[in-house]
Amino acid sequence: MSAPAITPVVVRLKLSLLRNGLRQSGGRRAAYIASAVFALLFAALQVLGLVALRGFDHVESLVVLLVAVLALGWAVMPLFFPGGDETLDPTRLVMLPLRPRPLVRALLAASLVGIGPLFSLCLLTGSVIAVAHGAAAFAVGVLAVPLALLVCVALARAVAAANVRLLTSRKGRDLAVLSGLVIAIGAQVVNFGVQRLGSSGLEQLDPVADVLRWLPAASAVGAVHTAGEGSYGVAAAQLAVSAAALAALLVLWSRSLTRLMTSPDGSTLQAGDSAVRDRPSAGLGRLLPQGRTGTVMERSLRYIWRDPKTKAAWVTSLAIGLIVPVFNAWQGTGSVYFACFAAGMLGIQMYNQFGQDTSAFWMVATTISSTRDAYVELRARALALLLITLPYATLVTVLTTAMLDDWTRLPEALGLSFALLGAMLATGAWTSARFPYSVPQDGYKNVAPGQVGLAWISIFGGMMGAALLCLPVIAATIGLNLGESGQDLRWLLLPVGTVYGALLALGGLRLAAPRTAGRLPEIIAAVSKG
């Protein structure tokens with residue numbers, strides 16, 4: 001007696017998971033429906049836009065690039081959003097008597113259920129319509145659309161199965177949190193690319209498309225345009241590339257499933273004595289000052305390196321602080337003053353200093369018994385931030401100045417950056433004590449429910465205060481640039497901005513210290529809420 005097919009069972013399981021998830025709460029159901037409507041509306045607009053481009057020169061290059069980006073999105077989706085689909089984790093099926101090959105077919109069919117596959121199907125269909133000319137091209141398109149969709153889905157599944165141990169570990173959660181960085185960088189890259197295309201036309205994509213049209217799944221859609229030109233042999237070869245990639249991905253996926261279902265993991269192995277080793281002491285502590293200052297600095301730096309939320313915030317700020325001035329300078333529309341964006345992005349990290357400690361802040365609070373202790377604590381946290389911010393802001397300013405070849409404005413740009421950084425350290429220390437809020441460790445929220453107003457006041461109120469504190473340096477910069485006699489004195493803005501920023505930082509720390517020491521119970525309650 002042959003075993004029953006498991007594909008319908010797994011598809012019904014996927015539908016049941018989706019239905020039961022929507023039954024959990026009205027908010028989740030509303031969010032899913034809203035996201036589905038938005039995705040389908042966007043897909044419909046994409047299809048209409050691609051159909052409208054039919055007949056335009058170089059549209060095939062745009063289509064090939066879109067499909068390549070779509071495949072890339074499917075590849076990275078499991079890494080950055082592992083919780084988006086419960087069936088992405090095949091270890092849930094380890095205890096069931098299932099063979100890899102039937103399971104691969106079943107999971108592949110179940111993967112075609114959802115908003116993502118429907119959106120991809122619409123985009124692929126619109127792409128084929130945009131480049132298909134003639135009966136042969138449309139015939140190839142009938143094969144290209146499902147083939148490209150299967151390649152995308154199999155790619156996502158193969159990546160998820162190969163990295164499932166990573167995705168369920170702490171490092172995997174760190175990687176998921178860093179998805180915000182990829183979105184931020186991608187938005188800037190897309191913005192830059194759209195501006196270049198708007199000024200130069202679609203022909204700028206031809207060199208890239210010539211390469212991508214031979215990579216799966218873009219090669220399947222590229223075959224449609226090739227068949228329309230009468231090159232049937234080349235079109236068959238492009239389809240074969242995607243078909244071979246699909247077969248290879250299915251084989252890799254099957255092997256990953258076999259390994260996951262037959263090999264033990266760390267939870268089933270007994271740790272031996274050789275696995276327990278004393279870690280060598282970090283050399284970072286030996287480079288920092290002695291006493292409480294060095295201890296607090298090392299703790300803050302370890303938060304940056306190890307805590308997922310803190311790490312994501314820092315990496316995102318570092319990336320955006322570099323991208324904005326450099327991309328604008330690259331396009332020739334920037335200014336050396338854009339380099340202050342780097343200092344501003346990193347200065348934000350001084351806000352809500354105690355929130356990153358979460359409920360563990362009570363242990364820090366037990367060591368603060370006076371205003372002096374609070375001052376040393378805040379000063380050490382500011383020094384840890386300066387270890388990264390000062391050289392980084394200087395590097396971004398020098399790089400932006402070099403790209404614009406405007407070296408005469410380097411001193412004033414650095415002076416403004418240092419003054420802004422000092423002002424944000426001052427206001428950040430004060431708002432950390434006055435408006436603390438909790439940062440949830442799970443999920444993607446950065447503010448605990450009910451504390452959004454506190455976060456807005458802390459961050460945006462502090463930023464407005466920092467801007468007001470920088471007005472003297474800004475006014476001096478404007479005045480020296482307006483008058484002819486002040487041109488030779490602009491170099492003074494570097495020492496003036498540096499000293500002014502240092503004085504602001506010290507003054508802000510001293511003002512925040514007594515408030516911190518006097519509000520320890522309130523701070524503990526606020527940062528422990530999440």
Side-chain angles (χ1 to χ4, degrees), residues 177 180 184 300 303-304 307 309-310 312-314 316-317 320-321 324 340-362 364-365 368 371 374-375 377-379 381-382 384-386 389 419-474 501 503-530:
V177 171
S300 298
Y303 275 152
I304 296 173
D307 181 65
K309 290 292 181 69
T310 307
W314 270 91
T316 303
S317 296
I320 298 178
V324 170
C340 296
F341 202 82
M345 288 298 300
L346 295 187
I348 294 176
Q349 305 309 316
M350 188 64 188
Y351 294 89
N352 196 35
Q353 274 294 303
F354 308 128
Q356 67 181 2
D357 297 351
T358 62
S359 58
F361 178 70
W362 72 267
V364 177
I368 300 176
T371 299
Y375 173 74
E377 175 77 22
L378 289 169
R379 184 186 63 185
R381 291 176 183 247
L385 186 144
L386 288 174
T389 305
L420 175 61
L421 181 58
M424 298 193 76
L425 291 179
T427 56
W430 191 85
T431 57
S432 293
R434 183 63 183 84
F435 304 107
Y437 58 90
S438 179
V439 180
Q441 292 301 293
D442 297 327
Y444 299 94
K445 294 182 178 180
N446 291 318
V447 183
Q451 293 185 329
V452 177
L454 285 174
W456 277 85
I457 295 174
S458 175
I459 297 176
F460 291 98
M463 291 173 64
M464 292 179 63
L468 292 175
L469 290 174
C470 288
L471 283 180
V473 180
I474 296 174
L503 292 176
L504 287 177
L506 291 174
L509 293 174
R510 292 197 177 275
L511 287 175
R515 185 170 292 274
T516 301
R519 299 188 73 250
L520 287 177
E522 292 88 343
I523 296 175
I524 294 173
V527 301
S528 303
K529 185 175 181 180

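Hydrogens, waters and symmetry mates are skipped; everything else that's a heavy atom, side chains included, is used. Because the structure is predicted, anything quoted here is derived from the model rather than measured.
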>> For a side-chain contact (heavy atoms from CB on, under 4.5 Å) check, start with the C-alpha distance between Y437 and I457, then their side-chain angles and the critical distance, and finish with the verdict.
In response: CA-CA 11 Å; Y437 58 90; I457 295 174; over 6 Å; no

>> Show, in sequence, the C-alpha distance, side-chain angles and deciding distance for L378 and L509, and conclude whether the side-chain contact (heavy atoms from CB on, under 4.5 Å) test is met.
In response: CA-CA 7 Å; L378 289 169; L509 293 174; 3.8 Å; yes

>> Run Q353 and R381 through side-chain contact (heavy atoms from CB on, under 4.5 Å) and show every step you take.
In response: CA-CA 8 Å; Q353 274 294 303; R381 291 176 183 247; 3.2 Å; yes

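Using a 4.5 Å cut-off on side-chain heavy atoms (C-beta onward), Q349 and S317 make contact. Looking only at side-chain heavy atoms (C-beta outward), I304 and T310 come within less than 4.5 Å of each other. Using a 4.5 Å cut-off on side-chain heavy atoms (C-beta onward), L420 and V473 make no contact. Contact check for T431 versus N352: no side-chain heavy atoms found under the 4.5 Å cut-off. Between T389 and L421, some side-chain heavy-atom pair lies under the 4.5 Å cut-off. Annotation: side chain of L520 is in contact with side chain of I368 (closest heavy-atom distance under 4.5 Å). Using a 4.5 Å cut-off on side-chain heavy atoms (C-beta onward), L506 and Y375 make contact.
Between A365 and I524 the shortest heavy-atom distance is CB-CD1, 3.7 Å. Of all heavy-atom pairs between A426 and G508, the closest is CB-CA, 3.7 Å. Nearest heavy atom pair, residue L425 against residue L385, reads CD2-CD2, 3.7 Å. Contact record, A342 with G321: CB-O, 3.7 Å, taken as the closest heavy-atom pair. What you find for L469 and A423 is that their closest heavy atoms are CB-CB, 4.1 Å. Across all their heavy atoms, Y351 and M463 have their closest contact at OH-N, 3.5 Å.
Identified under the side-chain hydrogen bond (donor to acceptor under 3.5 Å, both in side chains) test for residues 503-522, with sequence neighbours left out: none.
Panel note: side chain S438, backbone V527; a donor-acceptor pair is recorded below 3.5 Å.
Of the inter-residue distances, the one linking D357 atom CG with S300 atom OG reads 7.5 Å to the nearest 0.5 angstrom. Of the inter-residue distances, the one linking C470 atom SG with L504 atom CG reads 7.0 Å to the nearest 0.5 angstrom.
By the ring pair (Phe, Tyr, Trp, His ring centres under 6.0 Å) test, W456 pairs with F460, sequence neighbours left out. Residues passing the ring pair (Phe, Tyr, Trp, His ring centres under 6.0 Å) test with F354 are F361, sequence neighbours excluded.
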